[in-house]
Every structure is written in structure tokens, then in C-alpha cells.
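Here is how names work: the chains are called A, B, and so on, in the same order as the sequence lines, proteins then strands, and each is numbered from 1.
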Number of protein chains: 4
Amino acid sequence: MTTPADAELDAPVVSKATGRPLTKRGEATRRRLLEAAEQVFAEQGYHEASIVKITERAGIGLGTFYLYFDSKQAVFEALVIDLNKRVRHSMSEAMIGAASRLEAERAGFAGFFRFTAAHPALYRVVREAEFVSPETLHLHYTRIVEGYEEGLRAAQQVGDVDRRLDPTVTAWALMGMGELIGMRFLLWERDADGVPPEELDAHVFDAMMRFIDNALAPRGGMEGPTDA
Amino acid sequence: MTTPADAELDAPVVSKATGRPLTKRGEATRRRLLEAAEQVFAEQGYHEASIVKITERAGIGLGTFYLYFDSKQAVFEALVIDLNKRVRHSMSEAMIGAASRLEAERAGFAGFFRFTAAHPALYRVVREAEFVSPETLHLHYTRIVEGYEEGLRAAQQVGDVDRRLDPTVTAWALMGMGELIGMRFLLWERDADGVPPEELDAHVFDAMMRFIDNALAPRGGMEGPTDA
Amino acid sequence: MTTPADAELDAPVVSKATGRPLTKRGEATRRRLLEAAEQVFAEQGYHEASIVKITERAGIGLGTFYLYFDSKQAVFEALVIDLNKRVRHSMSEAMIGAASRLEAERAGFAGFFRFTAAHPALYRVVREAEFVSPETLHLHYTRIVEGYEEGLRAAQQVGDVDRRLDPTVTAWALMGMGELIGMRFLLWERDADGVPPEELDAHVFDAMMRFIDNALAPRGGMEGPTDA
Amino acid sequence: MTTPADAELDAPVVSKATGRPLTKRGEATRRRLLEAAEQVFAEQGYHEASIVKITERAGIGLGTFYLYFDSKQAVFEALVIDLNKRVRHSMSEAMIGAASRLEAERAGFAGFFRFTAAHPALYRVVREAEFVSPETLHLHYTRIVEGYEEGLRAAQQVGDVDRRLDPTVTAWALMGMGELIGMRFLLWERDADGVPPEELDAHVFDAMMRFIDNALAPRGGMEGPTDA
DNA sequence: AATGAATGAGAATTCATTCAT
DNA sequence: GATGAATGAATTCTCATTCAT
């Protein structure tokens with residue numbers, strides 16, 4: 001799972017008012033706003049959130065917000081982009097040093113769930129993008145899927161993954177599984193005291209992995225030469 | 001896939017103003033409102049939609065709305081419940097007369113996608129429930145999953161499905177797959193002229209089915225006694 | 001001075017929400033808003049005025065405003081149109097029964113000044129239209145000028161007004177005179193106690209009329225057959 | 001038409017920060033700001049204009065603005081004063097070497113229109129002063145009128161202008177005419193392609209001049225002793 | 001002298017909901 | 001049962017002005 005070039009993403013953020021670079025102080029303010037937005041969106045959702053709530057949380061004047069973002073939707077999008085980077089980072093971190101490609105997929109998934117478990121509300125933010133900024137969600141999913149696909153294709157090459165599977169469709173399928181399992185067993189799960197779990201229940205994780213193993217593993221004998 | 005008892009769901013709707021039953025005329029008005037809500041929510045999403053838009057579309061006075069629903073959120077929930085029934089109906093219809101349990105799963109999925117393809121925007125409405133009325137979405141998913149689980153369990157009994165799989169986790173995984181595949185290849189897909197597809201691309205459907213078959217099919221010999 | 005057909009102007013005002021006619025209650029509310037707007041715009045000017053100030057003055061809920069007008073600019077325009085009707089009415093009233101055309105012009109002017117004197121602040125509203133809604137001001141002036149022109153032309157026919165004058169240019173010139181004289185000697189004038197005059201100072205009016213008489217009166221002998 | 005003493009106007013501008021004179025560099029900055037303000041106010045009007053737009057246009061830091069002007073209104077006033085000087089200059093230039101006083105009036109008017117035609121938007125700025133800074137507009141008009149009055153009085157002395165006319169009222173009347181003719185035939189006029197005229201249409205100018213000639217010219221015989 | 005980040009009062013506008021008819 | 005006029009809390013966004021650097 002390789003992350004695509006994020007060249008343009010990492011371009012230095014520029015000031016809306018003046019020409020460009022954004023001073024050190026500006027940089028800090030922007031980050032505080034983004035962090036406040038992260039919390040507020042996560043806690044209250046996009047529509048319940050408001051610019052005032054965000055700036056108050058950031059301990060910053062209301063007007064200042066508009067020095068760094070064009071609109072509520074704009075911060076939201078910036079936030080999703082930011083989360084996307086972090087999720088993918090969490091995933092690739094987890095995959096480092098995996099023995100086999102299959103092993104790597106497994107680790108990648110674990111990374112994904114680890115992130116979701118650590119920031120359950122955040123992950124809700126990402127899904128809300130479907131209704132706030134579909135293009136941004138598209139981007140988010142696409143970037144993750146690209147990494148998956150590549151990994152799957154490589155694993156198929158070396159015979160670690162059933163060659164008859166379509167890497168793209170499979171990647172989306174895996175993604176969907178991860179999302180719903182995460183929603184059901186992380187976001188919705190509460191123990192007797194109403195406390196949410198800190199990580200995905202081991203049994204659930206194993207069960208899911210068995211499912212995935214089944215799905216991806218090369219089917220005995222009949223393949224290899226079979227499919228193009 | 002059996003639908004659970006919808007007893008309370010099918011109780012006769014009662015008038016908010018007077019005592020109970022809701023006259024024939026009232027029944028009609030309510031239905032028109034629900035249909036209008038369906039269209040408006042589908043086209044504009046929950047937050048863009050407004051009560052006036054709904055009553056206008058229904059050709060009904062604004063105030064009348066509150067004779068049938070307590071709030072905007074209330075119609076939304078009623079709508080989701082309604083859709084839930086229809087999706088499940090579409091699925092069980094499709095499964096009637098399936099030769100094997102595996103065959104039935106396949107058919108059920110096809111039914112699900114058929115519905116999503118036929119009402120892509122509607123299906124978006126369902127997902128939006130996550131942010132408007134989480135409990136309702138919970139209900140929606142749970143009901144569908146229950147059907148799945150039951151089917152999976154039965155198939156495991158007769159050896160049609162790998163006995164080592166956890167039926168609940170598997171059901172949620174399948175559901176997630178269906179959702180994301182639907183989103184990606186039905187909602188987002190456009191041909192050269194920007195026209196959305198009328199049904200899921202056959203290749204994609206087959207690819208997904210191969211994935212599912214792999215995942216569910218009993219693994220040669222080693223199971224049976226193994227698990228449980 | 002004939003007023004042009006105001007047919008479309010007097011069409012019944014329609015409700016923005018529902019189809020059309022505007023109920024009796026609605027009609028009353030709209031009128032109260034327009035009157036409040038008149039006062040507020042007159043006292044504070046367009047930019048100092050605010051919708052809240054207007055609705056408060058009207059003793060009406062803020063939201064109600066938007067049931068009758070699309071925006072602040074919209075009331076302003078409606079108000080100018082309204083004032084236009086009233087000024088022209090004041091002018092034509094004054095002209096009724098004038099002996100000669102020249103006499104009529106004189107009376108028309110008197111009517112104009114009478115209105116301006118009675119509503120000095122209002123007349124400021126009209127001029128502010130130049131910066132708020134130029135097209136509306138255009139309309140306002142054009143309608144008044146049309147009346148003038150017609151009168152001048154008729155007076156030229158019967159030899160009451162110098163035939164060499166261009167009626168259009170003359171009408172605009174007269175209008176400009178009236179405006180600035182009104183501004184200087186009605187709006188700006190204050191007595192020792194800072195009280196504005198209730199009507200145009202007689203001397204000023206006479207002086208202006210002598211100027212106008214000079215300008216319009218047929219020049220001895222050399223004309224008549226000369227022109228046209 | 002003599003310009004009144006502009007003594008206080010031409011006093012050296014002083015720095016707000018330090019003691020007084022304003023360095024050469026400061027002088028330049030101030031001038032750039034004033035020029036930028038001229039453009040921005042002319043293009044967008046007072047309320048649409050903003051300090052940032054002005055400083056950007058001037059290529060100067062936002063904060064710097066307040067080193068030279070106390071407020072938005074202050075620049076506006078400074079600008080109107082500046083324009084006043086230029087208009088009067090344009091007028092007196094035009095009048096140099098006029099044969100008779102009547103001839104001079106004509107030339108003065110031509111100068112006024114020449115200026116308005118050359119800077120139509122600017123002239124709109126002057127009129128907007130009525131709503132932004134009435135006293136400044138008062139000053140502007142008064143200064144121009146003073147010049148007129150003086151000229152008229154002198155012309156009356158030598159019998160070039162009807163002695164029965166009140167010079168003050170006449171001066172305001174002429175001013176009003178000029179304004180509205182300018183607005184109508186310079187600011188509003190567009191040719192087929194929407195291009196505004198570069199100067200007042202000759203026919204319109206002549207028509208207006210005939211009107212003025214009529215108004216000012218001594219009435220045969222009956223005057224002189226008549227009035228006063 | 002110059003700068004631009006920060007501020008917050010204030011403005012327009014929307015819309016779910018109520019209630020008198 | 002049906003209606004639609006009225007409401008005001010709440011939201012987003014603008015911009016003149018200040019002040020630390």
C-alpha cells in the first residue's frame with residue numbers, strides 16, 4: 001500500500017489577505033482553528049457546529065476565522081483532507097515490515113481500525129462528507145483505495161491473492177467492510193456503563209479477518225493459469 | 001432472510017388532533033406528504049430540504065404538515081422506516097425460490113442493488129440518517145442484518161457456508177460492501193454524457209460476487225469438525 | 001402634464017409564499033412595513049437603516065419582513081416607486097384648472113416644491129436611489145420628465161413657450177433646478193433655532209420663477225415662424 | 001468667477017504620528033492613497049468600497065492607511081475637497097479670456113461639463129457626499145456657487161445679465177441644471193454598444209445654452225430701473 | 001514609517017414551528 | 001381537517017479599526 005504523491009497537498013498554505021507564505025503566528029492560528037474544528041465537528045456534526053463554536057473553542061476572535069478559511073464548508077474540507085493524510089499514514093505505518101503482501105493487507109486494516117478506534121467521532125466526520133462535500137469524500141476514498149489496489153495487484157503477482165479477483169472492486173469492497181464494521185462495533189458499541197470501546201473487539205477483528213482471508217486467498221489448484 | 005415481526009410498525013397511524021384512527025382523507029394526505037418528503041429529501045438532502053418545499057410538492061398547506069408529523073425529523077424517520085421495508089421487500093422478493101442458500105445470498109444482494117440502482121438518491125437518504133437520526137439508521141441496518149444472519153446460519157447448518165465464519169460480523173461486512181460498492185459504482189458512476197447507470201455494471205457485480213463466494217464458500221475438508 | 005399609464009404599477013400585490021392576491025391582513029402588514037421603511041430610510045438613510053429597525057418601527061416580527069419583500073433593496077425600490085406616484089399626484093393636482101400652459105408649469109412646480117417641503121427627508125430618499133438602485137431613479141425621473149415634456153410641447157404649439165427650446169433638455173434642466181433649489185432652500189435651510197422651513201421661502205420661489213419665465217417665454221418677434 | 005480664498009485648504013498636511021510636516025516619502029504615500037481612493041470610490045461607490053481595496057490599489061499596507069487618514073469617511077471628504085478644487089480649476093481655466101460676462105458663463109459651464117464628461121464616475125462620488133458627509137457637499141456646492149454669484153453680479157452691473165434675477169437663487173438653479181443634465185446625458189447615455197459618450201452631445205449643450213441665454217439675457221427695455 | 005493579524009459589532013437572511021381563522 | 005401569516009432564534013459573513021511588531 002503506497003501513498004500517492006501528495007505533492008500539491010503539502011504546498012505551503014497561503015494567506016488569503018496578503019500574497020502568500022503565512023507567517024509563523026498565522027500558521028499557529030490556522031492550526032488552532034483546524035483543531036477546534038475537528039473537535040466541534042466531531043462532537044456536534046457539521047450542521048450543529050457553527051463558526052462561533054469553532055472560534056470560541058479555538059480561543060480566537062470570530063472574524064479571524066475568515067482570515068484562514070473561506071467558509072464553514074471550507075474548513076470542513078480542509079479537515080477531511082487532513083484526516084485523510086493521517087489515516088493513510090496510520091495505515092502505512094502499520095504495514096511497515098510485513099512479511100508477505102497478505103500480511104501487509106492485514107496490517108493495513110489493523111492500522112485503519114486503530115485509527116478509527118482512536119478517533120471514532122472523527123471517522124464520523126469523514127462519512128458526513130458525503131452530504132457536505134461529496135467531491136472531498138470521493139477524493140478521500142479514492143486515495144485510500146489506490147493504495148489498496150496497488151497492494152492487491154502486487155500480491156496477485158506473487159500468488160498471494162486470488163488472481164481472479166478484480167483489484168478495484170475488491171478494494172472498494174474491503175473499504176466498505178471496514179467502514180461498516182467500524183461503525184457497528186466501534187461507534188455504536190457501548191459496554192454496560194455506556195463507555196465506548198477503545199479498540200475493536202478481538203473476536204470481531206478475527207472474524208473479519210477470517211472473512212477477508214477466505215475472500216482473498218488463492219483457491220486451491222484451479223487458478224494460476226486459469227485467468228489471464 | 002426472514003423479516004422480523006414488524007408488528008408495531010404496521011399499527012394504524014393515528015391522528016394527532018382528534019383521538020385516533022385517521023380518516024380516509026387523512027390517510028391520503030399523509031401518504032402525499034410522505035411521498036413529497038421522499039422526493040425532496042432525495043433531491044436536496046435533509047438540511048437543504050424544508051417543510052415548505054415538502055408541502056408545496058405535496059400540494060398541501062404548510063400548517064397541515066404538523067397535523068401528520070411532529071417535526072421535520074419525524075417525517076424523515078418515518079421515511080427511512082418506510083424505505084427499510086421496501087428494501088427488505090425487494091431483497092426477499094429476489095430470494096424467493098433460490099435453489100441453495102448461497103444462491104439465495106446472491107439473489108438477495110442482487111435485490112439490494114436493484115433497489116439502490118432504482119433509487120440511488122433514496123439510498124443516500126438512508127445513509128444520511130446517520131447524522132439526522134442515528135437510532136433510526138441503527139434500526140434500519142439491524143433489521144437488514146438480522147435477515148442476513150439468519151440466512152447465513154441456516155446455510156452454515158447445511159454446509160453451504162464456511163462454518164468458521166461469524167454470522168453477525170459477516171452480515172455487517174457484507175452490508176458494508178454492498179453500501180460502498182453501491183455508492184462507488186451506482187451513485188458516483190456517470191457515463192460520458194454524465195448520465196448515471198440504470199443498474200450495477202455486470203462486471204462489477206460479478207467481481208463482487210466472486211469475492212463473496214470466495215469468502216463464504218466452505219474451505220475444503222479442514223472445517224466441519226474444526227469450529228464450534 | 002399627463003401621467004403615463006401606470007397600469008402595471010397598480011396591479012394587485014401578490015404574496016411571495018402562496019399563489020397570489022394577498023389577504024386583507026397581509027395587505028395591512030405590507031403597508032405598515034412600507035410606512036415604517038419610509039420613516040427609517042428618511043431618518044437614517046439607506047445604509048444606516050436596517051431591516052430590524054424597520055420591523056421594529058412597524059411593530060412586526062423580523063421574519064415577517066421577508067414575507068413581503070425580498071430584501072432591503074427591494075423595499076427601498078418599492079418605496080421610491082410609491083413616492084414617485086405621490087409626487088406626480090401632488091404635481092398634477094396642483095396643475096388642475098391652470099389658465100395657461102405657462103400657468104400650469106408654474107403650478108406644477110409649486111406642487112413639486114410643496115411635496116418636497118412637506119417631506120424633505122423623503123426627497124432625500126429619492127436622491128439616494130442614485131446609489132442604491134440607479135434604474136429605479138431613472139424610472140422616477142423619466143416619469144416626471146415625460147409629464148413635463150408633454151406640457152412644454154403643448155405650450156410651444158400655442159406659442160406660450162419659446163419654440164426654439166428643446167422640450168426634453170428643458171424638462172431635465174427644470175427638474176435639476178427644482179432639485180437643487182429644494183435641497184438648498186428646503187433641506188439645508190434652518191432658522192435661528194435650527195428649525196427647517198415648512199415651505200419654500202416666497203422670495204426664493206419668486207426668484208426661481210422669474211428665471212423660469214425668462215427661460216421659457218417666447219422671445220419677442222424673432223421666433224414663431226423661425227423654428228420648425 | 002473667482003475662487004474664494006482656499007487658505008486653510010492649502011495648509012501643509014501634517015503627520016498624525018509625529019509632530020508635523022510630513023516627509024517627502026509620506027507626502028507620496030498620501031497622494032497614492034488619495035488616488036487609489038479616487039478610483040475605488042468612483043468604481044464602486046462609498047459603501048462598496050473598503051479600506052483594503054484602497055490600500056491594495058495603492059500598493060500599500062492596510063495599517064498604513066490610518067497614518068494618513070482618520071477614517072474611511074475622512075479620505076472620502078479629502079477626496080471631495082480635492083475634486084472641488086479641480087472642478088473649479090477646470091471652470092476658471094475655461095473662462096479665461098472670455099469676451100463678455102455672458103460669454104464667460106458659457107465657458108464656465110463648458111468647463112464644468114468638460115470635467116464631468118471626463119470623470120463621470122468621479123462626479124457621482126461628489127453627489128454621493130450628500131449621504132456620506134453632507135457638510136462636505138455643502139462646502140463643495142457653496143464654493144462653486146460663490147464663484148457663479150460673483151460672476152452674475154458683475155454681469156448684472158454691466159447690463160449683460162437681467163438685473164431682476166437673484167444671483168444666489170440663479171446660481172443654484174444653474175448648478176442644478178448642470179448636475180441633472182450631466183447625469184442624464186453623460187452618466188446615463190450609452191450608444192448602441194453600451195459605450196458612454198466622451199463629451200456632452202453638442203445638440204444637448206446648445207439646447208441647454210439657449211435655455212440659459214434666455215434666462216439670463218436682459219429683457220428688452222423694461223428692466224434696469226424696474227427691480228430693486 | 002509601515003505592516004497585517006486580530007477583532008467583534010452588526011447586518012441580512014432562513015426556516016421550523018405555532019396558532020388564530 | 002386545512003390553512004398560511006407571523007415569529008425570532010440562530011447563522012454566516014463583512015469590514016472599519018486597533019496595535020504589537
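- E48(A) has its CD atom 11 Å from the P atom of dT12(F), to the nearest Å.
- In this entry the distance linking CZ of R32(A) with C1' of dA6(E) reads 11 Å, nearest Å.
- Remark: C1' of dA16(E) and CZ of F76(B) are 16 Å apart, rounded to the nearest angstrom.
- The 5' end of DNA chain F is approached more closely, in terms of each residue's nearest nucleotide, by A49(A) than by the other of G63(A) and A49(A).
- Nucleotides of DNA chain E nearest to I51(B) and K53(C) differ in position, and the one nearer the 5' end is that of K53(C).
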Intermediate values then yes/no, ring pair (Phe, Tyr, Trp, His ring centres under 6.0 Å), F131(B) and Y46(A): CA-CA 9 Å; F131(B) 309 99; Y46(A) 183 78; over 10 Å; no
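- Among the atoms of the strands shown, only primed sugar atoms or phosphate atoms (P, OP1, OP2) are found under 4.0 Å from some heavy atom of Y68(A).
- Distance, Y66(A) OH to dC15(F) P: 13 Å, rounded to whole Å.
- Both G59(D) and G26(A) sit near DNA chain E, but only G59(D) has its closest nucleotide nearer the 5' end.
- Considering only side-chain N and O atoms, S50(D) lies nowhere under 4.0 angstrom from the phosphate OP1 or OP2 of dT14(F).
- Protein atom CZ of F65(C) is 14 Å distant from nucleotide atom P of dA11(E), rounded to whole Å.
- Under the salt bridge (Lys or Arg N to Asp or Glu O under 4.0 Å) rule, R57(D) has a single partner from E35(D), E38(D), E43(D), which is E43(D).
- The base-pairing partner of dA20(E), taking Watson-Crick or G-U wobble contacts with both distances under 3.5 Å, is dT3(F).
- Among the nucleotides dA6(E), dA11(E), dG1(F), the one closest to any side-chain atom of R25(B) is dG1(F).
- The partner of dC13(F) is dG10(E), judged by Watson-Crick or G-U wobble contacts that both fall below 3.5 Å.
- Note: CD (E56(C)) to P (dA11(E)) measures 11 Å, nearest angstrom.
- Pairing for dG8(F) is with dC15(E), a Watson-Crick or G-U wobble pair whose two hydrogen-bonding atom distances lie under 3.5 Å.
- When distances run from any side-chain atom of L62(C) to the nucleotides dT7(F), dA16(F), dT13(E), the shortest one goes to dT13(E).
- With respect to R124(B) and E130(A), no salt bridge is recorded, no charged nitrogen being found less than 4.0 Å from a carboxylate O.
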Hey, mind stepping through T55(C) and T64(C) against side-chain contact (heavy atoms from CB on, under 4.5 Å) and telling me if it holds? CA-CA 8 Å; T55(C) 53; T64(C) 308; over 6 Å; no
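- Computed from coordinates, the R30(A) CZ to dA6(E) C1' distance equals 17 Å when rounded to whole Å.
- Among the heavy atoms of the strands lying under 4.0 Å from T64(B) is at least one base atom, whether or not backbone atoms are also near.
- Using a 4.0 Å cut-off, some side-chain N or O of T29(A) falls inside it from OP1 or OP2 of dA6(E).
- With a 4.5 Å cut-off on side-chain heavy atoms, E48(C) and K53(C) count as touching.
- The side chain of L67(B) lies closest to dA2(F), out of dA2(F), dA16(E), dT7(E).
- The structure places OH of Y66(D) at 11.0 Å from CG of L33(D), a figure rounded to the nearest 0.5 Å.
- Note: CZ (F69(C)) to P (dT14(E)) measures 16 Å, nearest angstrom.
- Nucleic acid contact class of G61(A) (heavy atoms, under 4.0 Å, all strands): sugar-phosphate only.
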